[in-house]
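Protein chains get the first letters and strands the later ones, always in sequence-line order, with residue 1 at the start of each.
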Amino acid sequence: MADTSNIFATVLDRVHAALRALAASGTLPALDASRVVVEPPRDVTHGDMATNAAMVLTKEAGRKPRELAELIAEKLRADELIATVDVAGPGFINLTLKPNVWADALRTAITAGADYGRNTGKGEPVNVEYVSANPTGPMHVGHGRGAVFGDALANLLEYAGRNVTREYYINDAGAQVDVLARSAYLRYREALGETITIPEGFYPGDYLKPVGEALAAEHGAALNQMPEEKWLPIVRAKAIDMMMASIRGDLAVLNVKQEVFFSERSLTENGDQVRATIEWLRQQGHVYQGRLPPPKGAPIEDWEDREQTLFRATAFGDDVDRPLMKSDGSYTYFASDIAYHKSKFDRGFHAMIDVWGADHGGYIKRIQAAVKAVTGGRGELDVKIVQLVRLLRAGEPVKMSKRAGDFVTLREVVDEVGRDAVRFMMLYRKNDAVLDFDLAKVIEQSRENPVFYVQYGHARAYSIFRNARDVLPDLPEEAAARVAYLAKAPLEFLVDAAELALMKKIAAYPRLIEAAAAAHEPHRVAFYLYELASEFHAHWTRGGKESPHLRFIIQSDPRLTVARLALVQGVVTVLASGLNLLGVGAPEEMR
RNA sequence: GCGCCCGUAGCUCAGCUGGAUAGAGCGCUGCCCUCCGAAGGCAGAGGUCAGGGGUUCGAAUCCCUUCGGGCGCGCCA
């Protein structure tokens with residue numbers, strides 16, 4: 001279903017129609033137009049849009065590209081949206097649309113408001129799993145990047161019309177949470193007055209002190225009388241609870257929302273789903289008992305050649321088969337993870353996205369292999385890797401905080417620079433690129449700081465509304481009323497090249513949303529917003545000494561002023577929408 | 001040794017899943033405030049898209065290869 005607010009999609013439909021018409025008249029055979037695209041040309045002098053139809057279809061049509069282009073162009077010339085059609089270069093068809101198309105697009109944007117560019121179609125269910133930090137301590141900055149990325153991606157997919165579920169996988173099983181329990185137990189004894197020393201391999205951070213105190217308050221000395229196998233589950237449950245509460249608090253501070261918190265432990269406790277999954281795979285012939293050759297490079301100290309339970313990952317694109325059981329008879333993390341992804345599929349998610357840290361990159365092939373096996377090829381898993389964050393202050397690496405146990409917590413960073421700065425900067429980079437995060441730069445109020453620059457554009461627009469009341473006393477202050485007022489503006493007054501360019505930029509938003517969602521790349525939204533803000537700022541300054549007649553507010557001409565305010569409203573609409581997708585505030589003034 | 005990611009202007013990075021003459025910010029040079037927010041803007045200089053092959057109408061983008069960085073490599077999660 002085409003999104004009618006996407007002007008590029010609309011024009012693509014017209015190209016398809018032209019091809020169908022040519023087929024119907026027998027001029028051309030019926031062609032597969034799936035590779036045909038309509039996109040903005042790099043060089044604006046080529047027009048508003050270009051299509052590659054002729055070049056892509058040349059072989060199938062049995063015509064030379066330019067000859068084919070002429071046939072299509074002839075049809076498009078009759079279209080009521082299109083002003084001029086040119087065939088250029090190797091066979092591009094360049095289109096210039098009629099000015100009223102852009103005015104209509106602007107009016108659509110203003111009227112749609114917060115829903116501009118949103119696809120309201122019935123969406124495919126998609127599960128986005130992100131953060132999934134081990135509940136063994138507070139979140140650090142790297143977790144924060146995954147959290148912000150996943151959250152923004154989920155927002156974006158939802159806006160693009162997918163039916164999104166946001167999920168957190170709690171790794172509350174396995175050896176690490178047992179170490180957590182033992183570390184918390186030491187803090188418990190400390191709370192009871194004992195002097196403790198924390199051995200190597202335990203979690204040393206101060207953040208476990210409150211856990212120890214809570215256990216002491218709840219159980220008194222009782223746990224001290226028990227053997228480990230008795231107190232460990234109690235302490236572990238308490239520690240996990242408190243760590244998850246802390247993590248949820250960190251997520252709330254970042255405005256990251258998730259609705260499903262899925263416990264790894266639940267996979268084995270509510271009937272053994274891990275065992276069931278492995279048995280099912282075994283019946284399919286994907287599990288066998290066998291030996292693995294030792295890895296080449298890094299020699300493993302205590303390598304022991306033994307037979308083990310293996311998943312035939314190589315049958316699904318992985319490099320080696322992967323173990324499902326540890327030597328002590330318990331499941332590997334991988335085994336649980338297979339059952340977990342099967343659970344997602346069974347819950348109706350054929351489309352899944354996992355957001356992982358860079359250190360898990362080597363794990364992608366095997367989990368994708370497992371998803372193929374366990375869903376019979378019907379499930380699709382995209383794994384997005386978020387790269388490291390390097391914390392800097394004015395170009396210098398930030399020292400680690402001892403108090404937190406050797407890392408800078410996410411909370412510390414958010415407290416220092418604010419949620420908006422953290423979120424925007426973490427999205428202003430492709431997810432798989434290393435991110436330098438400079439605590440000094442992100443609070444700077446200058447063009448060098450994109451967070452500020454975009455928000456400033458939004459605030460500046462509101463400043464215009466405030467000042468415009470001198471010329472338009474009846475301009476409503478309340479947002480919805482103002483929008484209704486401006487939606488009726490005489491947009492034919494917007495004829496300046498820069499005004500037209502801004503309208504086109506606004507009209508490009510729905511297409512941007514769809515492309516960013518399809519590619520699972522929220523950073524594109526951040527870059528687009530920066531570009532839009534930049535064009536807006538530039539146009540603003542042009543209305544200074546240089547060409548006062550281009551100002552938004554023209555004292556002598558209320559009708560022109562209304563038209564220009566409508567353009568400002570279009571900018572406001574898109575900036576607010578985009579910032580909202582990124583989870584960043586859109587302030588009406590900067591203070 | 002193998003796998004994955006990355007290599008684009010002096011620096012930090014985009015480049016819309018293969019499109020036309022590769023872009024932005026910073027830095028550098030020179031400009032613009034009796035003016036709706038100068039917290040801004042304009043102009044200029046700056047490139048062997050790491051190197052080399054290939055695929056095709058067309059490659060920064062896809063394939064092969066070399067070099068250089070990062071991550072990972074039974075029984076951690």
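- Between B:rG41 and A:Arg542, no contact under 4.0 Å exists linking OP1 or OP2 to a side-chain N or O.
- In a base pair of the Watson-Crick type (N1 to N3 plus N6-O4 or O6-N4) or a G-U wobble (N1-O2 and O6-N3), with each distance short of 3.5 Å, B:rC57 is matched with B:rG19.
- Here A:Arg460 reaches the OP1 or OP2 of B:rA38: one of its side-chain N or O atoms lies under 4.0 Å away.
- Residue A:Lys384 places no side-chain N or O under 4.0 Å from the OP1 or OP2 atom of B:rC4.
- Below the 3.5 angstrom threshold, one finds a donor paired with an acceptor across the side chain of A:His360 and the base of B:rA77.
- Of the side-chain N and O atoms in A:Trp540, one or more sit less than 4.0 angstrom from OP1 or OP2 of B:rA38.
- Rounded to whole Å, the distance from OH on A:Tyr453 to C1' on B:rA14 is 15 Å.
- Judged by closest nucleotide on RNA chain B, A:Arg524 is the one of A:Arg524 and A:Ser330 placed further toward the 5' end.
- Relative to the ring axis of A:Tyr288, A:Arg312 places its NZ or CZ within 45° and under 6.0 Å from the centre.
- Regarding contacts with the backbone of B:rC42, every side-chain N or O of A:His537 stays at 4.0 angstrom or more from both OP1 and OP2.
- Remark: aromatic rings of A:Phe552 and A:His539 are close, center separation under 6.0 Å.
- Both distances falling under 3.5 Å, in either a Watson-Crick or a G-U wobble arrangement, occur for no nucleotide opposite B:rC36.
- As judged by a 4.0 angstrom heavy-atom cut-off over every strand, A:Tyr528 is placed among residues making no nucleic acid contact.
- Here, B:rC57 and B:rG18 have their C1' atoms 12 Å apart, quoted to the whole Å.
- Between the side chains of A:Asp420 and A:Gln455, at least one donor-acceptor pair of N or O atoms lies under 3.5 Å.
- Applying the 3.5 Å distance criterion, the base of B:rC16 shares a donor-acceptor pair with the side chain of A:Arg511.
- Residue whose closest nucleotide on RNA chain B sits further toward the 5' end, between A:Ala533 and A:Lys365: A:Lys365.
- Checking A:Ser577 against A:Tyr159 by side-chain atom types alone, a donor-acceptor pair falls below 3.5 Å.
- Taking atom C1' in both B:rU29 and B:rU17, one finds a spacing of 39 Å when rounded to whole Å.
- With P as the reference atom, B:rA22 and B:rA50 are 15 Å apart, rounded to whole Å.
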Side-chain donor-acceptor contacts of residues 558-569 of chain A below 3.5 Å, not counting sequence neighbours, with atom names and distances?
unit_1	atom_1	unit_2	atom_2	d
A:Thr561	OG1	A:Ile554	N	3.1
A:Thr561	OG1	A:Ile554	O	3.1
A:Thr561	OG1	A:Asp557	O	2.9
A:Arg564	NE	A:Glu499	OE2	2.8
A:Arg564	NH1	A:His549	O	2.8
A:Arg564	NH1	A:Arg551	O	2.7
A:Arg564	NH2	A:Glu499	OE2	3.4
A:Arg564	NH2	A:His549	O	3.4
A:Gln569	OE1	A:Arg482	NE	2.9
A:Gln569	OE1	A:Arg482	NH2	3.1
A:Gln569	NE2	A:Thr573	OG1	3.4

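- Contact annotation: side chain of A:Asn94 to base of B:rA20, donor-acceptor pair present below 3.5 Å.
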